[in-house]
Amino acid sequence: MRKPIIAGNWKMNKTVEESIALSNGIKRDLFDIDNIEIVLCPPFTSLTDVSDVITDTNISLGAQNMFWETKGAYTGEIAPDMLKHVGCKYVIIGHSERRAYFGETNETVNKKVKTALKEGLLPIMCVGERLEERESQKTFDVISEHVKKGLADIGKKEILSMVIAYEPVWAIGTGKNATPDQAQEVHKFIRDILAKKYGEKISEEIRIQYGGSVKPDNIESLIKEKDIDGALVGGASLKEESFIGIVKKSSEAVKEK
Ligand code: 13P
């Protein structure tokens, strides 16, 4: 069975002091959760300090982005090896905000995924359609392109180290989450693409997270869906109480799955 993964993407929020306080609170309250993988993705400036807080706990560290080269004259960029050295296990790649504001494309996403895997980081690769794409019935075309191009040249062994995050852009930060049926439909579609490329058995092992306005009061119905293996949480991961609520409710809900 796939172990669900709940990751908090703090985006461009939290100073070092605030990050230490938040991660300490989360650690205290979630120490006994063992059926959910918990990941915190603070901004780069807080990675080292959050890493110290969560060392030897049930919480892993993730970064929000990285560059596809491993070192050199790339002012302002961060290399995968640097992330590993501060304790990162995961790295979010191709978040829709990076696609929208920083010119990331399926091709750059693919380059980053390949480098991350080569350097020993586990990519959380984000895919998702925009509102106008959903409204013009292009959801499945967009998702298919994001998944196939993002995973170009990724082999069977490598895909097992990856997590896919389905984040419909219209649900991010809007308070309007995809319904469990809408999300499940796309998650199943993604799993079918994976099955065609890697075989049924491997596709059943890959975790597909949902992201977009996840809150303590909607996580249960989402995570109970067959192909929804956790959540990538933005706004609600910035408050101890709501992130803890999401993880605890997930932990209970998956016992009945
Ligand atoms: P919200 O949970 O704030 O909608 O953000 C989702 C997201 O983008 C996580 O990566």
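The structure presented is a predicted model; accordingly, all values stated were derived computationally and were not measured. Only this structure's heavy atoms are used, side chains among them; waters, hydrogens and symmetry mates stay out. Just follow the structure's listing: the first ligand is 1, and inside any ligand the first atom is 1.
In terms of polar-atom proximity, Ser213 is counted as a contact of ligand 1, with an N or O under 3.5 Å from an N or O of the ligand. Considering backbone and side-chain N/O of Gly212, none are found under 3.5 Å from N/O of ligand 1. An N or O contact shorter than 3.5 Å links Gly235 to ligand 1 by distance. Inclusion of Thr174 in the set of residues having an N or O under 3.5 Å from an N or O of ligand 1 is not warranted. Of the polar atoms of Gly173, at least one N or O is found under 3.5 Å from an N or O of ligand 1, judged by distance alone.
Residue contacts with ligand 1 leave out Lys215, since none of its heavy atoms falls under 4.0 Å from the ligand. Ligand 1 lies less than 4.0 angstrom from a heavy atom belonging to Ala171.
More than 12 heavy atoms of other residues, nucleotides or ligands lie within 6.0 Å of CD in Glu205, so this atom counts as buried by the packing criterion. Crowding of Lys257 atom NZ: a count of heavy atoms from other residues, nucleotides or ligands under 6.0 Å exceeding 12. The number of heavy atoms from other shown groups lying within 6.0 Å of NZ (Lys157) does not exceed 12. A 6.0 Å sphere centred on NZ of Lys138 holds no more than 12 heavy atoms belonging to other residues, nucleotides or ligands.
Among all protein heavy atoms, the one lying closest to atom 7 (C) of ligand 1 is Glu167 OE2, 3.2 Å. For atom 2 (O) of ligand 1, the closest heavy atom belonging to the protein is Gly234 N, 2.9 Å. Looking only at heavy atoms of the protein, atom 5 (O) of ligand 1 is closest to Lys11 NZ, 3.3 Å.
Taking each of Gln64, Gln209, Lys176, His95 in turn, the one with a heavy atom nearest to atom 10 (O) of ligand 1 proves to be His95.
Under 4.0 Å is where a charged nitrogen must lie from a carboxylate oxygen, and between Asp192 and Lys188 at least one such pair does. Of the charged side-chain nitrogens involved, at least one lies within less than 4.0 Å of a carboxylate oxygen, so that Asp229 and Arg191 count as a salt-bridged pair.
Between the side chains of Glu167 and His95, at least one donor N or O lies within less than 3.5 Å of an accepting N or O. For the 3.5 Å distance criterion, the side chains of Trp170 and Glu129 qualify, holding a donor opposite an acceptor. At a cut-off of 3.5 Å, with distance as the only test, no side-chain donor of Lys215 or Asn177 sits close to an acceptor on the other residue.
Residue contacts with ligand 1 for Asn9 involve side-chain atoms from C-beta outward but no N, CA, C or O (heavy atoms, distance under 4.0 Å).
Atoms of ligand 1 lying under 4.0 Å from at least one heavy atom of Ile172, given by number and element, are 4 (O), 5 (O), 6 (C), 8 (O).
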